[in-house]
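Here the structure comes first, spelled out in structure tokens, and everything after it is commentary.
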Amino acid sequence: MESSTGSVVSDIDELRKISKELRKKSLEIIYKAGSGHPGGSLSAADLMAAIFFGQMKFDPKNPKDPGRDRFVLSKGHCTGLLYSTLARAGFFDPSKLSDYRQINSELFLSGHPHPKTPGVEIATGSLGQGLSVGNGIALGSRLDDLEYNVYVLMGDGELQEGQVWEAAMSSAKFKLDNLTAIVDNNKLAQDNITKDLKDLEPLEDKWKAFGWHTIRIDGHNMDEVVDALNQETPAGKPKVIIADTIKGKGVSFMENNTAWHGVAPSTEDYEKALKELG
Amino acid sequence: MKSGATRDGYGAALEELGDNSKVVVLDAGVSDSTRTKKFGQKFPQKFFNMGISEGDMVCTAAGLATTGKVAFATGFACFLLGRTMDQILVSLAYSNTNVKLAGTHAGIAVGEDGPTAQMIVDLAYTRAMPNMTVIQPADWEEAYQATKALVDHQGPVYFRLGRPKVEGVYDSSTKFQIGKANVLKQGKDIVVFATGIMVQEAMKAIEICSKNGIDVTLVNVSTIKPIDSQLIVEEAKKNGAVITAEDHNVIGGLGDAVLSTLVENKVYVPFKKVGVNDTFAETGTAKDLFQKYGLSAEHLAKAIQDVRQEKA
């Protein structure tokens, strides 16, 4: 793609380095904002590093380039991670991140995404809508004869929304093989473990039954994440990557703890977390 | 003047819009009833029948819109709106995507299918959403022209359509404009602001009234949001008494939009809302339901006479 950067990172160690940066930056902006969602940002950091820096083609200076690869954050609450990623990718200057969750934010760095922010395609924040939106974008690529890819990142708790399965049927019906859904399967929702709310397993069988090419990986193993994203999908099949992750990954006291779904760390906790992240 | 259902005018216009590369149509598995079927047959690559999953359809339309398409997402008003308030609010209104929601079979005029199929709260839903434009055409011609006008309009729209065949009000020489109400008959004693199928009832009502010596002004308010405040204020002042008429609950629809406009502009005149009186209707023919629930031309004529009398 001529207009896009095309500078995709293929070095696994480099991607690991980026994901560490993203974790620290996510925590930093949530800490400074005094609110946000650290748990799901930390669980998805390796996935986001691999998607944005190891896969997607885009030109951050021309964020509406018609040929760009698209990303939809269906688990819209994880903006700490999203904005850290967009800034790292060059969509805007990292200094703007100080506006996160602040009134009069120039780039509209709201608690949940909005397309006024460069690099954001659509507003999300009500769970379950992103895959349908991704399908619509993938259909648009077909009508325009543009061969871009569409990535939709979902949470596991979100899969309890019925619309996700409506959308899953649509992706298969329309044979959207340029669409990849990634499930950040951190197994925790807001107030409970996902399994105790509504058990999603057997999750691979569910997606397979809905007509998807299904891959299950360790979402913190960068080799596996990159391999899964690179894996060719059979023609006409959408691809889902079920990435088993740990909510709060990288910060011992946040890991597997629902208490860290939607609260900012105290100064003491923030400093402790940074030390652990290294 | 062409008679026909507003949904037919919509379908006919879509067929002619298929050559526009931006126009795509989605339907929720009811394309025969919503009249999108012919578009689908003529332009299969641009027609997406999403099955019975309105929420998925609305967000898919939003995704298509982000790629530069004008997406007409179509279904029965009851389910297109009723099941998707959240999807419309987030993916359409807040995201300000170029999706046109076409909800057919609106109001109690749908008849025998009963209250679960009679959408009477959709104007309230959509009027309350920032960025949303709300339009309800009165006849085939207006529906046909409005559909074409929607293609050049940027942003989300709710387009409210009816099932029954109605008499023609406009001929092809009239030019539909979003945001403009228009005077169908200029009188002097009282003004009726009507929308959709109630324009038809109002035409009959003003005949009854004219026999009783009341000279009624009739205004078709097809754009309910943004409402044509200028014309509404002007006609209310000229006539000195106001009736609103809609096949919708009296809460949250045209009546409330007109009432706010009047009061905010310090126009204090006798006023009455004619509509579904904050109740669910029942099964029955449209005609019988209009009689029983107070939407018939006779009810409207009575309301006109009563409010006319309140005028000092």
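Below, chain A is the first sequence line, B the second, and so on; all start at residue 1.
Using a 4.5 Å cut-off between heavy atoms, V58(B) makes no contact with chain A at all. No part of P66(A) comes within reach of chain B, as not one of its non-hydrogen atoms sits under 4.5 angstrom from that chain.
Taking the six-membered ring where the residue is Trp, the centroids of F47(B) and F43(B) are separated by 6.0 Å or more.
Shown here is L146(A), whose CG atom has more than 12 heavy atoms of other residues, nucleotides or ligands within 6.0 Å.
The main-chain N or O of V240(A) is never found under 3.5 Å from a side-chain atom of W207(A) such that the two would form a donor-acceptor pair.
Here the side chains of L150(B) and F159(B) are in contact, with some heavy-atom distance below 4.5 Å. Within the 4.5 Å cutoff, side-chain heavy atoms of I122(A) are placed close to those of V72(A). L123(B) has its side chain within reach of I224(B): a pair of non-hydrogen atoms, C-beta onward, lies under 4.5 Å apart. Contact of the L229(A) side chain with the L47(A) side chain is not registered, since no non-hydrogen atoms from C-beta on lie closer than 4.5 Å.
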Please list every donor-acceptor pair closer than 3.5 Å that links chain A with chain B, giving the two atom names and the distance for each.
from, atom 1, to, atom 2, distance (Å)
H114(A), NE2, Y94(B), O, 2.8
A123(A), N, S95(B), OG, 3.0
S126(A), OG, D86(B), OD1, 3.1
S126(A), OG, D86(B), OD2, 2.4
Q129(A), OE1, S91(B), OG, 2.7
Q129(A), NE2, D86(B), OD2, 3.0
S132(A), O, T60(B), OG1, 3.4
S132(A), OG, D56(B), OD1, 2.6
D144(A), OD1, K69(B), NZ, 2.7
D144(A), OD2, K69(B), NZ, 2.9
Q163(A), OE1, Q87(B), NE2, 2.8
Q163(A), NE2, G55(B), O, 3.2
E166(A), OE1, D56(B), N, 3.3
S170(A), OG, D56(B), OD2, 2.4
K173(A), NZ, N49(B), O, 2.5

